[in-house]
Enquirer: 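Handing you a structure now.
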Amino acid sequence: MKFLFINGVNLNMTGVREKGVYGTQTLEQINADIAARFSGDECEFFQSNCEGDICTKLHQADCDGIILNAGAFTHYSYAIRDAIASISIPVIEVHMSNVFKRESFRHESVISEVCAGTIVGFGKNSYILAAQSFKL
Ligand code: DQA
């Protein structure tokens, strides 16, 4: 299968910022672990801190499934929500942390309604569980 992993705003700081929440591995290390796990599949990784770039990447996607950690955009980006709604490839929303155990503003996602499913709270494994679910 062909997977596209998209990480949004501040996810490039993974392994550097709030290590108690997001762990000590960098995004590059996490992506390498994911790619190794899905060595029989094609994995593309994209990260951007810019909302519009994420929308464009979604518009141009050509794959079987998209795994999206939109970061804080999750909680307020109607642009990313509309971009997800405008494509037919299924998108799974993921979060490394358990957003429901955190601040109340993180409890709301404006993208969940247009995603195929949501996986939260399993660190790096949130991405892996999401990709695996496309194979079920
Ligand atoms: C996050 C949770 C978001 O609330 C936060 O803004 C992030 C990361 C997560 O992976 O747990 O940047 O999406």
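Counting starts at 1 for both ligands and their atoms, in listed order. A quick note: this is a predicted structure, and the numbers were derived from the prediction, not measured.
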Enquirer: If we ignore hydrogens and angles and just use 3.5 Å, is the side chain of Asp64 paired with the main-chain N or O of Lys2 as donor and acceptor?
Expert: yes
Enquirer: Quick check: does any side chain N or O of Gln29 sit under 3.5 Å from a backbone N or O of Thr26, one acting as donor and the other as acceptor?
Expert: yes
Enquirer: Return the orientation label for the His107 and Phe100 ring planes: parallel under 30°, perpendicular over 60°, tilted otherwise.
Expert: tilted
Enquirer: Do any nitrogen or oxygen atoms of ligand 1 lie under 3.5 Å from a protein nitrogen or oxygen, and which ones?
Expert:
residue	atom	partner	partner atom	Å
ligand 1	4 (O)	His75	NE2	2.7
ligand 1	4 (O)	Arg106	NH1	2.9
ligand 1	6 (O)	Ala72	N	3.1
ligand 1	6 (O)	Arg106	NH1	3.1
ligand 1	10 (O)	Asn69	ND2	2.9
ligand 1	10 (O)	Met96	N	2.8
ligand 1	11 (O)	Met96	N	3.3
ligand 1	11 (O)	Ser97	N	2.8
ligand 1	11 (O)	Ser97	OG	2.6
ligand 1	12 (O)	Arg17	NH2	2.9
ligand 1	13 (O)	Asn69	OD1	2.8
ligand 1	13 (O)	His95	ND1	2.8

Enquirer: Please report whether the ring centroid of Phe46 lies less than 6.0 Å from that of Phe5.
Expert: no
Enquirer: Is there a donor-acceptor pair under 3.5 Å between the side chain of Glu42 and the backbone N or O of Met1?
Expert: no
Enquirer: Kindly say whether Thr74 contributes a backbone atom to a donor-acceptor pair with the side chain of Ser77 at under 3.5 angstrom?
Expert: no
